[in-house]
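Below is a structure I'd like to ask you about.
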Amino acid sequence: NKTLKILNLSTNNFNFDCVRQISQALKQNSTLKSLNLSFNNIGAGVSDLLNSINNDVSRLEFLSIKVNINFYFYFKFISLSVYITTLILY
C-alpha cells in the first residue's frame with residue numbers, strides 16, 4: 001500500500017483474530033496515518049495492535065479503539081513508544 005492514509009474499520013464486530021491480521025499488516029505499512037477500530041470486540045488483540053505500531057516503520061498518528069470489549073485490562077501492560085498524536089480509548 002502506497003496511498004491509503006485513513007482507514008475506518010469501526011463497527012465491524014472484529015475480534016482478536018481479525019485484529020491479529022490487521023496487526024501483521026501494520027508492521028509493514030508506512031503510509032497509514034489514521035486507523036479507527038472503535039466499536040469492535042478486539043479484547044486481547046489490543047496488545048498485538050499496539051506492538052505492531054511500536055516500530056520504525058509505522059507512521060500512524062491517530063488510533064481510535066474506543067468502546068471495545070475487554071481491552072482495558074490488556075492496555076495497562078503495554079509500553080508504547082511511538083509517536084501517536086491522538087489515541088482514543090473510550
Minimum heavy-atom separation for Leu9 to Asn40, with atom names?
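For Leu9 and Asn40, the tightest heavy-atom pair comes out as O-ND2, 3.1 Å.
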Once you round to the nearest 0.5 Å, how far does CD of Glu61 lie from NZ of Lys5?
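It comes to 9.5 Å.
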Using only atom types and a distance under 3.5 Å, with no angle test, would you say the side chain of Asn8 pairs donor to acceptor with the backbone of Ser10?
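Indeed, once roles are kept as given, a pair shorter than 3.5 Å links the two residues.
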Residue pairs passing the salt bridge (charged side-chain N to carboxylate O under 4.0 Å, His left out) test where at least one lies in residues 11-23, sequence neighbours excluded:
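Residue pairs with at least one partner in residues 11-23: Arg20-Asp48.
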Are any side-chain N or O atoms of Asn51 and backbone N or O atoms of Ser47, one a donor and one an acceptor, separated by less than 3.5 Å?
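Looks like yes, one N/O pair under 3.5 Å.
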Find the distance between CD1 (Ile53) and CD1 (Ile22) and round it off to the nearest 0.5 Å.
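Reported value, rounded in 0.5 Å steps: 12.0 Å.
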Do you reckon Leu7 sits in the same ILVMFWY cluster as Phe14, going by side-chain contacts under 4.5 Å, direct or chained?
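Yes, Leu7 connects to Phe14 through the hydrophobic network.
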Using 0.5 Å steps for rounding, measure from the CD1 atom of Ile42 to the CG atom of Leu49.
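The distance works out to 6.0 Å.
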If I compare all heavy atoms of Ser58 with all of Leu60, which pair ends up nearest, and what's the gap?
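Nearest heavy atoms, Ser58 then Leu60: OG-N, 3.3 Å.
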Would the distance check show the side chain of Thr31 and the main-chain N or O of Leu4 forming a donor-acceptor pair, the cut-off being under 3.5 Å?
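Confirmed, Thr31 side chain pairs with Leu4 backbone.
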Tell me, please, which residues at least two apart from Ser34 pass side-chain contact (heavy atoms from CB on, under 4.5 Å).
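Listed in chain order: Ile6, Phe62.
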Residue pairs fulfilling salt bridge (charged side-chain N to carboxylate O under 4.0 Å, His left out) with at least one residue in residues 30-41, sequence neighbours excluded
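Qualifying pairs: none.
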Show the nearest heavy-atom pair for residues Ile65 and Ser38, with the distance to one decimal.
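Shortest heavy-atom contact: N-OG, 4.2 Å.
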Heavy-atom closest pair, residues Leu26 and Leu35:
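In this case the closest contact between Leu26 and Leu35 is CD1-CD2, 3.8 Å.
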Look up atom NZ in Lys66 and atom CG in Asn36, then write down how far apart they are to the nearest 0.5 Å.
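If we round to the nearest 0.5 Å, Lys66:NZ and Asn36:CG are 7.0 Å apart.
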